[in-house]
Amino acid sequence: MILITGANGRPGSAVVREFARHGTPVRALVRNPEKADAVRALPGVDVAHGDMLWPETLDSALAGVERVLMISNAGPDMLETQCTFIDAATRAGVRHIVKLSGKDSVDGFDPERFRSSRSHEQIQRYLVASGTPWTVLRPSQFMQVYFEEAPDIVRHGEIRLPLGDTTLAPIDIDDIAKIAYAVLTTSGHEGRTYAMTGPEALTMAEIAARISDAVGGPVRYRDVTPEEKRLAWLEAGYPPPRASAFAQLFQERSRLGRSTVDLTSHERFGIEPTTFAAFARRNADVFRGVTGYAVTPA
Ligand SMILES: NC(=O)c1ccc[n+]([C@@H]2O[C@H](COP(=O)([O-])OP(=O)(O)OC[C@H]3O[C@@H](n4cnc5c(N)ncnc54)[C@H](OP(=O)(O)O)[C@@H]3O)[C@@H](O)[C@H]2O)c1
């Protein structure tokens, strides 16, 4: 049996949907069963209830599991959550843990300078030391992060970020799900790290132009200072430490400037990379404010 954790979240639910699309049975770990109706409705999905921070809640979720895709939020408890889960999975006899990590596509980015990047590195070291065979998936920024700009797009026809002419190479979560599915259902991936980005390094003005084409109305990029954006994030309800960490992250991206595209994982698994234009067209109603989006910043 294959277990996907974080199955109510953005990347986790996309991977579970990919299993359902292929008709491959899978188990989905959720800590809140009341939010799991969409996952439960998918064919071939066995929903298990448990909390990765509380190993005693994981017995039935881990029973008979050979391979796990480990995902949890990028928040301050990610290190403890995932290290606790690695111990529980290892004790339960899981034979392969695939960790969803992250990478920044910006050249020269130092993972040790940001908490979630640093936590991913620490968890990876812990996973390697656990002795359980491992694989790490390292996607760049999710394209779905731009859903968080929908309120400014709807209200002002603008994307407001402190990025100047920095380029980023965001990836569609559905591409990550396809690569994760391939890694989880075929052999020979132990001890490997698969980095992945979207197919283009784009300035925010170029991203705004693609959203503008998709929604059929003007969308411009407006450069703001990190402090202006931090205050906007606070106003939008981000907790202060998260808003500060984001402002710092964007400042560093802006200082470094250029991103690199890495399609080696797409090519290895025969996945066609989704362009930002195709992603924006598919989600035009989210950028028009007609349908909702999940705000779970990482
Ligand atoms: N955002 C990006 O651009 C980006 C890019 C690359 C990599 N990443 C990485 O992707 C990962 C997930 O991203 P995200 O934060 O955006 O995901 P998310 O959508 O918030 O999903 C995380 C899921 O993990 C579940 N979870 C958290 N703690 C748990 C626990 N103790 N027990 C059981 N389930 C638990 C959450 O459950 P609930 O639904 O109950 O809260 C949620 O469904 C993070 O590690 C992040 O660093 C993000």
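In each ligand, atom 1 is the first atom listed, and ligand 1 is the first ligand listed. Bear in mind the structure is a predicted one, so any value in this text is a computation, not a measurement.
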### Task
Flag the pair Asp174 and Arg282 as a salt bridge only when some basic side-chain nitrogen lies within less than 4.0 angstrom of an acidic carboxylate oxygen.
yes
### Task
For the pair Arg27 and Asp46, find out whether any cationic side-chain nitrogen is under 4.0 Å from an anionic carboxylate oxygen.
yes
Quick check: [X] and ligand 1, any N/O pair under 3.5 Å apart?
X: Ser116; answer: no
X: Asn32; answer: no
X: Met52; answer: yes
X: Asp51; answer: yes
X: Ser140; answer: no
X: Gln141; answer: no

#### Entry: Ring centers of Phe279, Tyr146 separated by less than 6.0 Å
no
### Query
For the residue pair Phe269 and Tyr181, is the inter-centroid distance of their aromatic rings smaller than 6.0 Å?
no
What atoms of ligand 1 come within less than 4.0 Å of a heavy atom belonging to [X]?
X: Gly102; answer: 6 (C), 7 (C)
X: Thr81; answer: 31 (N)
X: Leu53; answer: 31 (N)
X: Ala74; answer: 15 (O), 44 (C), 46 (C), 47 (O)
X: Met78; answer: 45 (O)
X: Pro139; answer: 6 (C)
X: Leu100; answer: 10 (O), 11 (C)
X: His120; answer: 45 (O), 46 (C), 47 (O)

For ligand 1, does [X] get within less than 4.0 Å through its side chain, its backbone, both, or neither, judged by non-hydrogen atoms?
X: Ala7; result: neither
X: Lys103; result: neither
X: Val145; result: side chain
X: Asn8; result: both

[X]: heavy atom below 4.0 Å from ligand 1, yes or no?
X: Pro11; answer: yes
X: Gly75; answer: no
X: Gln144; answer: no

### Task
With sequence neighbours excluded, tell me which residues meet ring pair (Phe, Tyr, Trp, His ring centres under 6.0 Å) with Trp233.
Tyr238, Phe246, Phe250
### Message
Exactly one of Leu137, Val98, Thr264 should register a side chain to side chain contact (heavy atoms under 4.5 Å, CB included) with Tyr194. Which one does?
### Response
Leu137
### Query
How about Val261 and Pro273: do any of their side-chain heavy atoms sit closer than 4.5 Å?
no
### Message
Apply side-chain hydrogen bond (donor to acceptor under 3.5 Å, both in side chains) to residues His120 and Gln124 and explain how you reach the verdict.
### Response
CA-CA 6 Å; His120 279 309; Gln124 185 171 340; over 6 Å; no
Any side-chain to backbone donor/acceptor pair from [X] onto [Y]? Under 3.5 Å, distance only.
X: Arg222; Y: Gly157; answer: no
X: Ser140; Y: Ala169; answer: yes
X: Arg138; Y: Gly102; answer: yes

### Query
When you check the side-chain N and O atoms of Thr291 and Asp285, is any donor under 3.5 Å from an acceptor?
no
### Message
Applying salt bridge (charged side-chain N to carboxylate O under 4.0 Å, His left out) as the test, list every pair that has at least one member in residues 191-211; sequence neighbours left out.
### Response
Glu200-Arg210
#### Entry: Shortest heavy-atom approach to atom 48 (C) of ligand 1 - which of Trp54, Phe142, Tyr146
Phe142
